Amino acid sequence: MMFSLAAIPLVLGIGVAVDYGTSLNKNQTLQAVADSAAIAAAREMTLGNATVTQIEAAANQMVAIKLESEAGSLTVDVTVDEAGPSVQV
């Protein structure tokens with residue numbers, strides 16, 4: 001009887017820990033994808049004659065490559081500051 005009562009919070013705690021770990025893993029994956037997209041956009045920007053559209057396309061292409069099947073459900077917001085020059089993803 002005591003074990004069954006103690007098992008409920010134990011199982012609940014394990015479930016919370018697994019969900020939290022999964023959430024952290026997804027956040028790290030998305031951050032890595034955003035970093036890769038920003039680097040690809042910045043690289044495109046340093047090539048010289050790249051337009052804003054080409055820079056955005058480079059970032060979107062990197063996201064599609066990194067996430068493969070999940071990329072269709074994501075939108076990438078790319079901000080290009082040509083005066084800076086800087087790129088934010």
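If you're wondering where the values come from, they're calculated on a predicted model, not measured in any experiment.
- Tracing side-chain contacts under 4.5 Å through hydrophobic residues (I, L, V, M, F, W, Y), one reaches L30 starting from V78; they form part of the same cluster.
- Within the structure, the side chain to side chain donor-acceptor pair (under 3.5 Å) test picks out the following pairs touching residues 32-45 (sequence neighbours left out): Q31-D35.
- Side-chain contacts under 4.5 Å among hydrophobic residues (ILVMFWY), followed directly or transitively, place Y20 together with L24.
- Although no hydrogens or angles enter the test, the distance criterion places a donor-acceptor pair under 3.5 Å between the side chain of T29 and the main chain of N25.
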Name every donor-acceptor pair, under 3.5 Å, that has one atom in a side chain of residues 53-67 and the other anywhere in the protein, sequence neighbours excluded.
from, atom 1, to, atom 2, distance (Å)
Q54, OE1, T51, N, 2.8
N60, ND2, E56, O, 3.1

